[in-house]
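A quick write-up on the structure given underneath.
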Amino acid sequence: MIKKENLEKLRKTYPFNLLSEEEFAEMTKEAKLLQFKKNEFLFHEDEEEIELYFLIEGLAKNILHKTNGEQFSVRYYYPGDIVGLMIMLAGGKMTFSVLALQNCETIKFKKSALLQVMTNNKAFSEIVLEGIGERMKTLYNEITRERNEEETENIPLFRTRVDAIMNKALIISANAPLVQAAKRLRDETETGLVVVDHNNHLLGTLTQRDLLQAIVTDQLNLCVKDVMNKNPYQAQYDSFCYDILSYFKDDHVDFIPITKQDKVIGVLTAESFLQLQDSNYIHMSHSVHHSHSVSQLKKLASVYNPIFINFVEELLSQNTYAYDVCELISNYNDKIHRQVIRLALKEMKQEGYGTPPINYCFIVMGSQGRKEQGFSTDQDNGFILDDYEHLSNKGEIETFFRIFAEKINRGLLTCGFPLCTGGIMAKEKKWRRSLNEWVKEVARWVRETDAEEIRNFTIFIDYRPIFGDFSLATKLREETTETIRKGKILQLLLMKDTIRFRVPLNPFGMITTSGKSKSINLKKAAIMQIVNGIRIFSIKNGIKDENTINRLNKLKKIEAFHPRDVNNAKTALHILMSLRLQNNVAQLRNGEDLSNELSLETMDKEEKKKLKEALSIAKRLQHMSELSFARKRGL
């Protein structure tokens, strides 16, 4: 027996909402509610009769059986999908199976009922057949594509990550005698050694320069730990080369250790970059790091810097993925933030407040936390402080960080980052907490969050450390990920929030606009629908990464998303972010206020076609979230 609520939900689902009441009743009169356990087939290639299933709950995958016995997945089915259409209309040549990846609940239709409705309702039939045609094309591409799709041509500086050009690290123990280190460097003819502990965690670096200093001061009888640089520059393995190359403009940097999950995996030297081209970005990064005042820094900020704007425009013209360009912008903005913080620290000393009394970590949230910033952005930041409530100088600590945070937010405002209208900034006490208090606050969010607070949570959850003790951010992520993963009510609210703004695409695939300028808000109406949808799936699967592309890759790895769905989402993000960046660049050049509103009247036919493609993908993700939200309410 099918619940009335389930049928009503199906009735409102596209394209069933195009049917008349009589047609819908005819199609569903013999329908059945069927459940399948994880790893159970909804149907198998050996079955002779194929029926149709509307997936209410769960996840299933379509398996293609090749003549050589090999099988592979060609698509996933999510709640709201119709399973079996393409196979049914393929003339009974059954070479597919559908397997439940999770416990699934379905509504099973009679094939004859659907065919009868398609005969009588031309609009419904055209939509169904069009969808099948698109699936057949993507299936063909899936089968015929080459296994290795990676580009083999040289990659420009701004597309290369450091693990592609790093060298092997020469490591040494901190307790090794300096004479041993000197012999090692002589034999290997390298510029320096990386000092690690027994778990390969970075402790410091020892360069030829350090050894020469030990020789002239007669300290060769000491150990490596006595003369090593305990605070060397270091970089993550997935950092872009352009971000690291700027460090080598500092005469005191001979090489940079590369880490992955806090363990040393290689090093970069100046010679590592010989194959790569130079760029204005490097010079700008160097200038940011050596700015002596906020007013000097302002001239280099992304929205005020014509060289940086030209650089971004050039990247877009060379067909660089827009989400990589957004990562570049975010990385550059990180540098601005760090220098603002250093200048604020200097001011704190000059004004008699001294140095920070406890360990702290400055975090950025929202689009900057995800490394997905455009030019139109505001401040979303905060502090994670080491636990201090038990200390006798608790009041002094809170005063220090309140004043420190105010200086930072004020400096960022000067550099073109507007104050957050929602007050999500470090200067607000709510966003300046100890590690223990943050853990409690996240737990409270999971238990008690309402619709008013859910926006704050969606911004917070994408936090990323950029200055201070990064381990505080790591500990917070480790201590809260499982709590958030289990927060079903919280996830329902996240789903509800993501459907607040409808993707501007009507049931017939036409873009809907607003206002005299016939515009759409690229961020609220499209980009965030994809970002929010991916975030919800990542939370559900306990994924700790904050970047949307990385989240997609991990969802693909654990088979929560089909590879083609991942590629579609990436394509949509590239299109939408490209349009947003191009729109922002035009606004900056024309002296207009920055916004995410894009007028369709300024677009050509090809751009509109791409926009429509991206909106369709965004709408699918939003639709999946909406169905899940309704299902959890008992539908």
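What you see is a predicted model, and the numbers here were worked out from it, not measured in a lab.
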Inset, instruction - Ignoring hydrogens and angles, tell me if any N or O in the side chain of D545 forms a donor-acceptor pair with the backbone of N547 under 3.5 Å. - result: yes
Inset, instruction - Evaluate the side-chain contact (heavy atoms from CB on, under 4.5 Å) criterion for residues R342 and R338: first the C-alpha distance (whole Å), next the side-chain angles of each, then the deciding distance (0.1 Å), finally the verdict. - result: CA-CA 6 Å; R342 292 187 190 101; R338 292 188 187 106; 3.8 Å; yes
Inset, instruction - If the plane angle is over 60° it's perpendicular, under 30° parallel, otherwise tilted; pick one for F460 and W431. - result: tilted
Inset, instruction - Look at the side chain of Q529 and the backbone N and O of K524, then say whether any donor-acceptor pair between them is shorter than 3.5 Å. - result: yes
Inset, instruction - Looking only at non-hydrogen atoms, find the nearest pair between N381 and L412 and report the distance. - result: ND2-CD1, 3.8 Å
Legend entry - Side-chain ion pair, R433 and E389, N-O less than 4.0 Å: no
Legend entry - Cation-pi geometry met for K556 and F561 (6.0 Å, 45°): no
Legend entry - Pairs satisfying salt bridge (charged side-chain N to carboxylate O under 4.0 Å, His left out), at least one member in residues 192-201, at least two apart: none
Inset, instruction - Using a 4.5 Å cut-off on heavy atoms from C-beta on, say whether the side chain of I466 contacts that of I363. - result: no
Inset, instruction - Begin from the C-alpha positions of K570 and V566 and carry the test side-chain contact (heavy atoms from CB on, under 4.5 Å) through to its verdict. - result: CA-CA 6 Å; K570 289 180 179 179; V566 170; 3.8 Å; yes
Legend entry - Taking every non-hydrogen atom, the tightest pair across L297 and S291: CD1-OG, 3.6 Å
Legend entry - Donor-acceptor under 3.5 Å (Q339 side chain, K335 main chain): no
Legend entry - L300, V340, V288 screened by side-chain contact (heavy atoms from CB on, under 4.5 Å) with C415, the one that passes: V340
Inset, instruction - Report the residues that fulfil side-chain hydrogen bond (donor to acceptor under 3.5 Å, both in side chains) with Q219, sequence neighbours left out, ordered by chain and then residue number. - result: T217
Inset, instruction - Check the pair D210 / Q213 against side-chain hydrogen bond (donor to acceptor under 3.5 Å, both in side chains), numbers first and verdict last. - result: CA-CA 5 Å; D210 298 325; Q213 179 65 24; over 6 Å; no
Inset, instruction - Using a cut-off of 6.0 Å, state whether more than 12 heavy atoms not belonging to I489 lie near its atom CD1. - result: no
Legend entry - Inter- and intrachain pairs under salt bridge (charged side-chain N to carboxylate O under 4.0 Å, His left out), touching residues 223-239, at least two apart: none
Output side-chain donor-acceptor pairs under 3.5 Å for residues 351-362, partner residues at least two apart or in another chain, one line each.
residue, atom, partner, partner atom, Å
E351, OE1, K407, NZ, 3.1
E351, OE2, K407, NZ, 2.8
N359, ND2, D469, OD2, 3.1

Inset, instruction - Kindly say whether I172 contributes a backbone atom to a donor-acceptor pair with the side chain of R184 at under 3.5 angstrom? - result: no
Legend entry - Expected output: side-chain D380 to main-chain V364 donor-acceptor under 3.5 Å: no
Legend entry - Heavy-atom closest contact (I309 atom, S302 atom, distance): CG1-O, 3.6 Å
Inset, instruction - Find out whether L178 and L206 are in side-chain contact, i.e. whether some heavy atom of one side chain is under 4.5 Å from a heavy atom of the other. - result: yes
Legend entry - Spacing of CG belonging to L476 relative to CH2 belonging to W438, to within rounding of 0.5 Å: 8.0 Å
Inset, instruction - Sorted by first residue and then second, give each salt bridge (charged side-chain N to carboxylate O under 4.0 Å, His left out) pair with at least one member in residues 369-379; sequence neighbours left out. - result: R370-E372, R370-D462
Legend entry - Flag, side chain of N305 to backbone of A301, donor-acceptor distance under 3.5 Å: no
Inset, instruction - Can you measure from CD1 (I265) to CD (Q236) and round to the nearest 0.5 angstrom? - result: 8.5 Å
Legend entry - Least distance between heavy atoms, A405 atom then R432 atom: CB-CD, 4.3 Å
Inset, instruction - Carefully, step by step, assess N175 and V224 under the rule side-chain contact (heavy atoms from CB on, under 4.5 Å). - result: CA-CA 6 Å; N175 295 316; V224 168; over 6 Å; no
Inset, instruction - Keeping the roles fixed (side chain from N596, backbone from L522), state whether a donor-acceptor pair exists under 3.5 Å. - result: no
Legend entry - E396 atom CD, over 12 foreign heavy atoms within 6.0 Å: no
Inset, instruction - Before giving the answer on side-chain contact (heavy atoms from CB on, under 4.5 Å), spell out for N541 and K554 the whole-Å C-alpha distance, their side-chain angles and the decisive distance to 0.1 Å. - result: CA-CA 10 Å; N541 288 280; K554 290 182 179 179; over 6 Å; no
Inset, instruction - Could you tell me the separation between the OG atom of S538 and the CD1 atom of I543, rounded to the nearest 0.5 Å? - result: 4.5 Å
Legend entry - Enclosure of N231 CG (heavy-atom neighbours >12, cutoff 6.0 Å): no
Inset, instruction - Output yes when a side-chain donor or acceptor of N583 lies under 3.5 Å from a complementary backbone atom of E597, and no otherwise. - result: yes
Inset, instruction - Determine the minimum heavy-atom distance between N456 and W445, stating which atoms define it. - result: CB-CZ2, 4.4 Å
Legend entry - Trace of the salt bridge (Lys or Arg N to Asp or Glu O under 4.0 Å) decision for R444 with E453: CA-CA 11 Å; R444 186 192 69 79; E453 285 192 308; 2.8 Å; yes
Inset, instruction - Step by step, work out the salt bridge (Lys or Arg N to Asp or Glu O under 4.0 Å) result for E406 and R402. - result: CA-CA 6 Å; E406 288 172 351; R402 174 180 58 79; 3.6 Å; yes
Inset, instruction - Kindly check if the number of other-residue, nucleotide or ligand heavy atoms within 6.0 Å of CG (D218) is above 12? - result: no
Legend entry - Cationic N near anionic O, under 4.0 Å, K429 to E398: yes
Legend entry - Distance (rounded to the nearest 0.5 Å) between R580 CZ and L573 CG: 11.5 Å
Inset, instruction - Would you confirm whether Q379, through its side chain, and N409, through its main-chain N or O, come within 3.5 Å as a donor-acceptor pair? - result: yes
Inset, instruction - Would you mind telling me which of Q368, M577, Q373 makes a side-chain contact (heavy atoms from CB on, under 4.5 Å) with C326? - result: M577
Inset, instruction - Evaluate the criterion salt bridge (Lys or Arg N to Asp or Glu O under 4.0 Å) for residue pair K430 and E441; output intermediate values, then yes/no. - result: CA-CA 10 Å; K430 180 178 181 179; E441 178 65 4; 5.6 Å; no
Legend entry - Backbone N/O of E437 and side chain of S434: donor-acceptor pair under 3.5 Å: yes
Legend entry - Taking every non-hydrogen atom, the tightest pair across T320 and L315: OG1-O, 2.9 Å
Legend entry - N333-S330 side chain donor-acceptor pair, cut-off 3.5 Å: no
Inset, instruction - May I have all residue pairs that pass side chain to side chain donor-acceptor pair (under 3.5 Å) and include part of residues 473-484, sequence neighbours excluded? - result: E482-R485
Legend entry - Side-chain heavy-atom pair F467, H337 within 4.5 angstrom cut-off: no
Legend entry - Plane angle bin for Y321 and Y323 - parallel if under 30°, tilted between 30 and 60°, otherwise perpendicular: parallel
